[in-house]
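Presented below is the structure to which this report refers.
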There are 2 protein chains.
Amino acid sequence: MSPREPVEARPHTGRRRNPAVRRAVLDCAADLLAGPDGMAVSIDAIARAAGVSKHTIYRWWPSKGAVLLEAMIERAQQEVTIPDTGALATDLEAFLADTFRAVEQVAHLLRGLMAEALRDTAAAEGMREFIAARRDELRGLLVRGLARGELPAETDLELTIDQIYGLMWYRLLIVRSPLTTETAVHLSRTVARPGTPP
Amino acid sequence: MSPREPVEARPHTGRRRNPAVRRAVLDCAADLLAGPDGMAVSIDAIARAAGVSKHTIYRWWPSKGAVLLEAMIERAQQEVTIPDTGALATDLEAFLADTFRAVEQVAHLLRGLMAEALRDTAAAEGMREFIAARRDELRGLLVRGLARGELPAETDLELTIDQIYGLMWYRLLIVRSPLTTETAVHLSRTVARPGTPP
DNA sequence: CTTTGACGGAACCAACAGTTTCGGCAATAA
DNA sequence: TTATTGCCGAAACTGTTGGTTCCGTCAAAG
């Protein structure tokens with residue numbers, strides 16, 4: 001996924017990859033997906049929109065899913081801060097508000113990616129990694145709250161995480177209702193109710 | 001969707017529809033989707049498995065999504081009782097346990113249907129109807145609890161429903177962890193905590 | 001027996017994912 | 001400058017899919 005720098009003996013000769021091509025492909029993929037007919041975006045369409053040959057796309061990405069995944073990761077991973085204010089309620093609220101805002105901006109991308117992941121095993125695998133990473137962030141936040149006694153000691157963390165991200169994906173994919181800051185506030189209140197201190 | 005009986009002036013002449021064809025198509029569609037390669041089930045494959053011509057399938061269903069939707073509805077709608085024991089906790093628990101059990105049995109169908117709905121507007125519309133009906137059932141259950149003061153008066157019902165079905169779909173589509181009776185118990189406890197009586 | 005209409009078979013189309021071939025051109029090492 | 005490496009576009013190609021169309025057959029009813 002990450003374009004690691006290969007440790008080559010030879011310092012690299014020949015023509016270099018054109019960064020503008022990469023940008024054009026990722027941007028056009030995202031734009032097309034956000035368009036009126038965003039459900040069905042073909043590689044041909046992306047290539048045409050980006051002024052790039054299909055050949056070039058397949059030189060750098062193994063599949064359509066990989067293109068969408070990279071476009072999404074690039075846009076989503078940029079700014080979701082992981083707060084640590086010392087209180088679970090405020091941490092969670094900030095984290096969710098931030099996440100929801102980021103997610104709303106790549107909603108089309110996520111829907112297209114999910115459609116791909118439901119058919120292509122490779123795309124599904126890439127998704128799973130991304131999702132696992134997001135779960136880890138949220139779990140860390142909850143664990144701190146749990147340690148401070150801000151959650152009942154017997155809280156099932158995985159279930160809680162499932163509930164939070166479940167609501168997010170459900171609204172994103174199925175009912176398509178918006179994820180607002182109010183949702184974040186409301187959700188963090190229903191989830192993180194004070195428990196019995198240890 | 002429902003095969004309504006047309007009010008024809010002429011009492012119907014000619015050869016009748018073979019019910020065995022319908023059964024074979026729906027059953028084979030479900031079976032293929034549950035198979036090892038369930039992500040990609042083509043109309044051709046369904047026709048081949050059912051010993052039926054593609055022509056016949058398209059005579060009775062407008063699209064692949066319609067076939068899957070009908071197969072799913074037929075299997076899912078059969079036995080999810082809506083309990084009314086007088087107490088929200090037990091109602092919810094029974095309803096969710098029942099729902100989860102039914103859903104687990106058509107999990108493959110639901111995933112295939114969702115994949116279709118993310119691409120095809122018509123399939124998405126069919127899904128929305130089905131989902132709205134399920135939401136109505138759950139809402140009725142919660143409203144009764146709310147009226148009895150078993151939920152805080154200020155409870156946001158839609159959010160609560162989103163949380164419940166959100167968890168369900170999230171596990172079904174994304175993390176693919178099982179929906180057990182324990183999940184139902186656990187979930188109904190975290191959602192339906194006693195509120196301030198009116 | 002005639003009409004209506006369900007059904008199978010097969011050919012057909014357009015769109016798509018993905019691959020391959022070719023020829024040109026840009027960057028680097030010599 | 002020149003040879004080499006390798007990026008890039010154009011376009012043809014394969015195989016699969018959803019969906020349509022035509023034809024011939026066969027079953028049910030009047």
Next on the checklist: Going by salt bridge (Lys or Arg N to Asp or Glu O under 4.0 Å), name the residues that satisfy it together with A:Asp98, two or more places apart in sequence or in a different chain.
Outcome noted: A:Arg101
Next on the checklist: I need the CZ-P distance between B:Arg22 and C:dC7, as an integer number of Å.
Outcome noted: 12 Å
Checklist entry - Would A:Arg134 and A:Glu129 pass as an ion pair if we require N to O under 4.0 Å? => result no
Checklist outcome for this item: 5'-most contact on DNA chain C (nearest-nucleotide basis), B:Gly51 vs A:Ala40, goes to B:Gly51
Next on the checklist: Roughly what angle, to 10°, lies between the helix axis at the start of the helix from C:dC1-D:dG30 to C:dA30-D:dT1 and the one at its end, five pairs per end?
Outcome noted: 10°
Checklist outcome for this item: Residue pairs passing the salt bridge (charged side-chain N to carboxylate O under 4.0 Å, His left out) test with at least one member in residues 165-183 of chain A, sequence neighbours excluded, are A:Arg171-B:Asp162
Checklist entry - Under 4.0 Å between a Lys/Arg side-chain N and an Asp/Glu carboxylate O for B:Glu150 and B:Arg144? => result no
Checklist entry - Taking only residues two or more places apart in sequence or in another chain, which ones pass salt bridge (Lys or Arg N to Asp or Glu O under 4.0 Å) with B:Asp27? => result B:Arg23, B:Arg75
Checklist entry - When you measure from the centre of the six-membered ring of A:Trp60, is the NZ or CZ of A:Arg22 under 6.0 Å away and within 45° of the axis? => result no
Checklist entry - Quick one: is C:dC7 close enough that its OP1 or OP2 comes under 4.0 Å of any side-chain N or O from B:Ser53? => result no
Next on the checklist: Across nucleotides 17-27 of chain C, 5' to 3', mark each nucleotide with B, S or - according to how protein heavy atoms within less than 4.0 Å reach it.
Outcome noted: SBBBB--BBBB
Kindly list each side-chain donor-acceptor pair under 3.5 angstrom involving residues 102-112 of chain A, sequence neighbours excluded, with atom names and distances?
from: A:Glu104; atom 1: OE2; to: A:Leu179; atom 2: N; distance (Å): 2.6
from: A:Arg111; atom 1: NH1; to: A:Leu172; atom 2: O; distance (Å): 2.7

Checklist entry - What's the CH2-C1' distance between B:Trp60 and C:dG8, to the nearest Å? => result 15 Å
Checklist outcome for this item: Rounded to whole Å, the CZ-P distance (B:Arg17 to D:dA29) equals 16 Å
Checklist entry - With a 4.0 Å cut-off on heavy atoms, is A:Trp61 in touch with a base, just the backbone sugar-phosphate, or nothing at all? => result nothing
Next on the checklist: Can you measure A:Ile57 atom CD1 to D:dC7 atom P for me and round it to whole angstrom units?
Outcome noted: 16 Å
Next on the checklist: Just so I know, are the side chains of B:Glu158 and B:Arg139 near enough to count as touching, which here means a heavy-atom distance under 4.5 Å?
Outcome noted: yes
